[in-house]
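All remarks here apply to the structure that follows.
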Amino acid sequence: MVPLSFFFLAACTPFFTGLVKHTGGCHCGAVRFEVWASADLHIFDCNCSICKKKQNKHFIVPASRFKLLKGADSITTYTFNTHKAQHTFCKRCGVQSFYSPRSNPGGFGIAPHCLDEGTVRSVVVEEFNGSDWEKAMKEHKTIKNMSKE
Ligand SMILES: *[C@@H]1O[C@H](CO)[C@@H](O)[C@H](O)[C@H]1NC(C)=O
Ligand SMILES: *[C@@H]1O[C@H](CO)[C@@H](O)[C@H](O)[C@H]1NC(C)=O
Ligand SMILES: *[C@@H]1O[C@H](CO)[C@@H](O)[C@H](O)[C@H]1NC(C)=O
């Protein structure tokens, strides 16, 4: 028999780990998601060729902490170069509210500016030198870990 404490732990894990549930989506409302992350967000401001044009600020979470609530049919995906990053965006309003970054193909990059209000306590913005992507990745100590469970 599974001990009761197991269910208690499973239900309370987000509280123990200090995560909160953020919700968000695109502009027209077709795409909606929820994501468990800290209330204190660590945001990357990348300037690789596409991030620069999109002003793509994002925080990174493991895939298991992200859930698409609606809009799978409304999402289209742009890829280029290595085709590792999946630049998903709403095909109706054009807003990229989340995507799968080249740095963390096993996770998601969430646009903090697409979250609903009320769950973010603080933000730290770190510049990521995407204009020299390989070097920046090699030198960065923690970005790869951000999509690990
Ligand atoms: C990209 O950002 C870095 C800082 O992270 C800066 O040193 C570099 O000049 C920027 N490159 C371009 C092309 O904007
Ligand atoms: C970012 O990369 C560019 C291009 O290689 C380089 O000129 C610049 O010095 C780098 N900036 C930082 C802060 O490392
Ligand atoms: C990141 O993950 C690697 C490999 O799992 C580990 O060796 C390293 O200590 C982690 N770094 C941090 C800052 O958690």
Side-chain angles (χ1 to χ4, degrees), residues 10-149:
C12 295
T13 295
F15 302 102
F16 290 143
T17 53
L19 303 178
V20 302
K21 184 167 81 174
H22 304 279
T23 54
C26 67
H27 185 260
C28 69
V31 176
R32 294 287 302 164
F33 61 79
E34 65 181 40
V35 61
W36 286 90
S38 171
D40 304 299
L41 297 177
H42 187 104
I43 293 162
F44 288 105
D45 183 3
C46 177
N47 66 357
C48 74
S49 65
I50 188 165
C51 286
K52 189 173 179 177
K53 291 216 173 195
K54 283 204 231 190
Q55 294 291 291
N56 181 16
K57 293 174 187 61
H58 57 281
F59 60 96
I60 297 167
V61 297
S64 62
R65 298 219 205 120
F66 176 87
K67 188 174 168 197
L68 187 65
L69 300 174
K70 71 193 236 316
D73 294 348
S74 301
I75 292 168
T76 191
T77 304
Y78 172 66
T79 69
F80 69 103
N81 191 17
T82 64
H83 302 281
K84 283 195 178 129
Q86 303 288 303
H87 291 276
T88 43
F89 60 97
C90 174
K91 60 187 170 195
R92 178 150 177 248
C93 66
V95 169
Q96 177 182 293
S97 53
F98 73 92
Y99 78 119
S100 182
R102 181 183 172 193
S103 62
N104 299 70
F108 289 103
I110 314 296
H113 43 273
C114 289
L115 295 181
D116 300 332
E117 283 178 23
T119 52
V120 177
R121 184 166 48 201
S122 71
V123 297
V124 170
V125 180
E126 178 188 356
E127 285 187 6
F128 187 80
N129 196 358
S131 68
D132 199 351
W133 196 87
E134 276 80 9
K135 183 162 178 280
M137 276 307 286
K138 199 178 285 178
E139 288 173 359
H140 204 283
K141 300 282 180 280
T142 52
I143 192 166
K144 277 275 173 208
N145 293 26
M146 289 180 170
S147 56
K148 295 216 174 103
E149 300 299 331

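In this text, all values refer to a predicted model and were calculated from it rather than measured experimentally.
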**Request:** Could you tell me which residues satisfy salt bridge (Lys or Arg N to Asp or Glu O under 4.0 Å) with K21, sequence neighbours excluded, listed by chain and number?
**Result:** E34
**Request:** Search all heavy atoms of M146 against all heavy atoms of F44 and return the closest pair with its distance.
**Result:** SD-CE1, 3.4 Å
**Complete:** In short, salt bridge (Lys or Arg N to Asp or Glu O under 4.0 Å) pairs touching residues 77-94 with sequence neighbours left out are none
**Fill in**
Between C28 and C93 the two heavy atoms that sit nearest each other are N-SG, 3.4 Å
**Asked** Around atom NE2 of H27, are there more than 12 heavy atoms of other residues, nucleotides or ligands at under 6.0 Å?
**Response** no
**Item:** Student check: side-chain heavy atoms of C90 and V31 closer than 4.5 Å
**Value:** yes
**Message:** Any heavy-atom pair between the side chains of L115 and V120 that's under 4.5 Å?
**Reply:** yes
Listed pairs under 3.5 Å, donor-acceptor, residues 100-110 side chains, sequence neighbours left out:
from: S100; atom 1: OG; to: P105; atom 2: O; distance (Å): 3.3
from: S100; atom 1: OG; to: G107; atom 2: O; distance (Å): 3.3
from: R102; atom 1: NH2; to: E134; atom 2: OE2; distance (Å): 2.9
from: N104; atom 1: ND2; to: I143; atom 2: O; distance (Å): 2.9
from: N104; atom 1: ND2; to: K144; atom 2: O; distance (Å): 3.4
from: N104; atom 1: ND2; to: S147; atom 2: OG; distance (Å): 2.9

**Item:** Exercise: do T88 and Q96 side chains pair donor with acceptor under 3.5 Å
**Value:** no
**Request:** Could you pull out all residues at least two apart from H140 that satisfy side chain to side chain donor-acceptor pair (under 3.5 Å)?
**Result:** E126
**Request:** Nearest 0.5 Å please: distance from the CD1 atom of I75 over to the SG atom of C26.
**Result:** 8.5 Å
**Message:** Can you pull out every side-chain hydrogen bond (donor to acceptor under 3.5 Å, both in side chains) where at least one residue sits in residues 43-52? Sequence neighbours excluded, please.
**Reply:** none
**Request:** Would you please name every residue forming a side chain to side chain donor-acceptor pair (under 3.5 Å) with S38, sequence neighbours left out?
**Result:** none
**Request:** With side-chain contact (heavy atoms from CB on, under 4.5 Å) as the test, would you mind laying out the steps for V61 and W36 before giving the verdict?
**Result:** CA-CA 8 Å; V61 297; W36 286 90; over 6 Å; no
**Asked** For F33 and G25, which heavy atoms make the closest approach, and how far apart are they?
**Response** CE2-N, 3.6 Å
**K135: partners by salt bridge (Lys or Arg N to Asp or Glu O under 4.0 Å), with sequence neighbours left out** = E139
**Message:** Suppose we screen for salt bridge (Lys or Arg N to Asp or Glu O under 4.0 Å). Which residues come up paired with E127, at least two apart in sequence or across chains?
**Reply:** none
**Item:** For D132, all residues meeting salt bridge (Lys or Arg N to Asp or Glu O under 4.0 Å), sequence neighbours excluded
**Value:** none
**Request:** Sorted by first residue and then second, give each salt bridge (Lys or Arg N to Asp or Glu O under 4.0 Å) pair with at least one member in residues 107-119; sequence neighbours left out.
**Result:** R32-D116
**Atom pair SG/NZ of C48 and K53 - distance to nearest 0.5 Å** = 12.0 Å
**Asked** Once you round to the nearest 0.5 Å, how far does CG of N145 lie from CD1 of I60?
**Response** 10.5 Å
**Request:** Keeping to residues at least two apart or across chains, list the side-chain hydrogen bond (donor to acceptor under 3.5 Å, both in side chains) pairs with something in residues 67-81.
**Result:** T79-H83
**Message:** Using every non-hydrogen atom in the two residues, find where K148 and P62 come nearest and quote the distance to one decimal.
**Reply:** O-CG, 3.2 Å
**Asked** For the residue pair T119 and A39, what are the closest heavy atoms and their distance?
**Response** O-CB, 3.6 Å
**Request:** May I ask you to check whether F59 and H42 place their ring centers less than 6.0 Å from one another?
**Result:** no
**Message:** Parallel, tilted or perpendicular: which one describes the rings of F98 and F66, with boundaries at 30° and 60°?
**Reply:** tilted
**Asked** Who passes side chain to side chain donor-acceptor pair (under 3.5 Å) against S122, sequence neighbours left out?
**Response** D40
**Prompt:** Rounded to the nearest 0.5 Å, what separation is found between the CD atom of Q86 and the OH atom of Y99?
**Reply:** 11.5 Å
